[in-house]
Amino acid sequence: MIFLTYEHPISNTLAMNIAHLKETLGRSDDVIIREFEIGFDEPLKVAICFIDHLVNTDTINQHIVGNLLSIPDSFRLRPNESDDGRLTAIQNRITSLSQAAVIQTMNEAFDGILSGETVLLVDGYGSAISIASKEYESRSVEEPKTEAVTRGPREGFTEDLPVNISLIRRRIKNAKLIFENTKVGTQTRTTVCIAYIEGMAERQLVQEVKNRLNRIDAASILDSGQVEQWIEDHPFSFLASIGNSEKPDIVAAKILEGRIAILCEGSPTALTLPHLFIENLQNSEDYYSRVLIATFSRLLRIFAFFVSTATPGLYVALTTFHQEMIPTVLLVTMAASREGTPFPAFVETLLMGITFELLTEAGVRMPRPIGQTISIVGALVLGQAAVEAGIVSSPMIIVTALTGISSLIVPSLRSMTILFRIILIFLAGSFGGFGILIGFILMLAHMCSLRSFGVMYMAPIAPIIWADVKDSLIRMPVQLLRKRPKSIARRPRTTK
């Protein structure tokens, strides 16, 4: 595509500039190029170019075209002014819009037009004026459906980048809060914005984020999830080394701790980094609720994480290898319920696990009224029918339900728990309890080996950082949480 690499300077001849615009953009019916003359003593030819449906037509008609056509004949430009000076004079004296800038190359003109700006070309000048005029339909600010809270702010990000920036600005009224934009994607030219507080975020970290964004070599970037995959440290790990959220209060809190946020045009999800494992078990409500309630909720999430991960594997290990560990009365009941079941516990667990994930996926993807019906009918009818038909046992239904409910308590770790749960089922079916132990040791070793932009992923637990333990597995009173966490400080790597 010519407009993506066209670094030719803007010509002094208006006809040549219009020819370049038509050659690159003019084949599309929504690209508007309008030529007219403005009223100097000697009429001056000008042209504006914009894309329909991306701009506010009232802004163009009133503030740009209207002001250009109402120029008095006595208007003069000083003869000793440079091209930039003359265009700046036009910009100051004609347009009443605050966001307007002089540009020098056709590539800047194409980027501006494709982003919803209006470009003003003047005959005889080797520069142009890019005027902010974008306006397009966007979703209103509402509560994120995936991060609902009972106490705290309910605003969520939208797909409109300026709106997302304003939501953060409203919460952090700091003159050192910096937003820096860059373009990624050779075809989409998506605007990606990094946000940080100068002096809190480490300079090396900021520079590394910029370098990784500049190294993105993709034709299209349509969501922040694609940005995450390009810049993350461990692309083949089942654990995410970059956090994400749709809530401005969470992102603002991360920035205030010295982290960096990445906002992507067209995406309601912001990325935060560095990201630690313990953040998956924390919730924004923890900091808006009383200490005991917040601590209990956090411990409950930790328990739910282990239940959703290990329960199916434990069921397979106990029923296959370690029946002596089950109380006698319970063992007799389980044996009676499994009588006539055609599959071993290993196959039964895999079958029910896959069935539950199918029902969950169907409930998420289907329209909301139908999805809720599928989830309820699937859980009640299919489960009861499977037990009555003798395909699975009643304890297996209980294990599956407990595992599924627990996995929904920590949604950010759901994908990880599904994969690790399957691994533990295979290890439990092969080696019993020793297999589960081996699986957890390998998982912990893998987690302790991960880094997120130079920060140990398991901090402040491994390595232990006592100053941050007060906001890890438990939550101490806010009076003790005034200092920024030391866990996210980057440390130099050593060869020892």
Side-chain angles (χ1 to χ4, degrees), residues 136-149 152-172 177 179-185 188-196 201 209-210 212-213 216 218 220-235 237-257 259-277 279-285 360-361 364-365 368 408 410-418 452-453 488:
Y136 40 82
E137 295 297 327
S138 60
R139 184 167 55 92
S140 60
V141 177
E142 56 188 20
E143 182 179 5
K145 294 181 175 59
T146 57
E147 298 180 79
V149 295
R154 300 179 185 275
E155 291 179 325
F157 288 128
T158 70
E159 289 75 13
D160 193 353
L161 182 59
V163 172
N164 296 340
I165 293 176
S166 68
L167 290 174
I168 296 177
R169 279 284 186 192
R170 285 167 50 188
R171 287 165 172 80
I172 305 178
L177 176 60
F179 291 92
E180 297 185 13
N181 294 338
T182 185
K183 299 282 188 178
V184 296
T188 58
R189 303 295 292 167
T190 305
T191 301
V192 174
C193 176
I194 64 172
Y196 62 94
V209 172
K210 293 179 182 178
R212 295 194 188 189
L213 289 175
I216 294 179
S220 63
I221 295 294
L222 302 176
D223 186 79
S224 59
Q226 293 176 294
V227 177
E228 176 185 354
Q229 296 176 62
W230 273 98
I231 66 175
E232 64 182 344
D233 290 273
H234 308 280
S237 174
F238 48 76
L239 286 162
S241 58
I242 298 178
N244 64 83
S245 177
E246 293 186 41
K247 290 179 62 63
D249 59 313
I250 294 179
V251 176
K254 302 298 182 186
I255 294 175
L256 291 169
E257 290 179 347
R259 290 180 169 89
I260 295 177
I262 299 179
L263 308 173
C264 181
E265 181 183 16
S267 174
T269 304
L271 307 178
T272 57
L273 53 94
H275 177 66
L276 307 179
F277 174 78
E279 294 179 54
N280 296 302
L281 304 174
Q282 298 172 343
N283 190 284
S284 62
E285 274 187 273
T360 304
E361 190 71 13
V364 171
R365 305 302 172 193
R368 184 171 300 275
L408 298 177
V410 191
S412 60
L413 290 176
R414 187 171 178 274
S415 299
M416 175 265 183
T417 55
I418 293 174
S452 175
F453 286 79
I488 62 173

For [X] and [Y], work out which heavy atoms get closest and say how close.
{"X": "L167", "Y": "R171", "answer": "O-NH1, 2.9 Å"}
{"X": "G156", "Y": "V141", "answer": "O-CG1, 3.5 Å"}
{"X": "R169", "Y": "L177", "answer": "NH2-O, 3.3 Å"}
{"X": "F453", "Y": "I231", "answer": "CZ-O, 3.6 Å"}
{"X": "L281", "Y": "L413", "answer": "CD2-CD1, 4.1 Å"}
{"X": "P268", "Y": "F157", "answer": "O-CB, 3.1 Å"}

Answer yes or no: is there an ion pair linking R154 with E142, defined by an N-O contact shorter than 4.0 Å?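 Answer for the salt bridge query: no.
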
Applying side-chain contact (heavy atoms from CB on, under 4.5 Å) to K247 and not counting sequence neighbours gives P144, E147, V149, S245, D249, I250, S284

Heavy-atom side-chain proximity of [X] to [Y] below 4.5 angstrom:
{"X": "V209", "Y": "Y196", "result": "no"}
{"X": "I262", "Y": "L273", "result": "yes"}
{"X": "S452", "Y": "L276", "result": "no"}
{"X": "V192", "Y": "L213", "result": "yes"}
{"X": "T190", "Y": "C264", "result": "yes"}
{"X": "E279", "Y": "R259", "result": "yes"}

Would you give the length of the straight line joining atom [atom1] of [X] to atom [atom2] of [Y], rounded to the nearest 0.5 angstrom?
{"X": "K254", "Y": "L271", "atom1": "NZ", "atom2": "CG", "value": "13.0 Å"}
{"X": "H275", "Y": "D233", "atom1": "NE2", "atom2": "CG", "value": "12.0 Å"}
{"X": "I242", "Y": "E232", "atom1": "CD1", "atom2": "CD", "value": "6.0 Å"}
{"X": "Q282", "Y": "F277", "atom1": "CD", "atom2": "CZ", "value": "11.0 Å"}
{"X": "K210", "Y": "T182", "atom1": "NZ", "atom2": "OG1", "value": "10.0 Å"}

Between the side chain of T269 and the main-chain N/O of N244, is any donor-acceptor distance below 3.5 Å? no

Intermediate values then yes/no, side-chain contact (heavy atoms from CB on, under 4.5 Å), I255 and I172: CA-CA 9 Å; I255 294 175; I172 305 178; 4.0 Å; yes

The criterion is side chain to side chain donor-acceptor pair (under 3.5 Å); which residues satisfy it with T191, sequence neighbours excluded?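 Per chain and number, T191 pairs via side chain to side chain donor-acceptor pair (under 3.5 Å) with K183, E265.
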
Partner residues of S166 under the side chain to side chain donor-acceptor pair (under 3.5 Å) criterion, sequence neighbours left out: none

Using only heavy-atom distances, determine whether the side chains of S224 and S267 contain a donor-acceptor pair under 3.5 Å.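 Distance-only check passes for S224 and S267.
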
Indicate whether any N or O donor in one side chain lies under 3.5 Å from an N or O acceptor in the other, for N280 and S412. yes

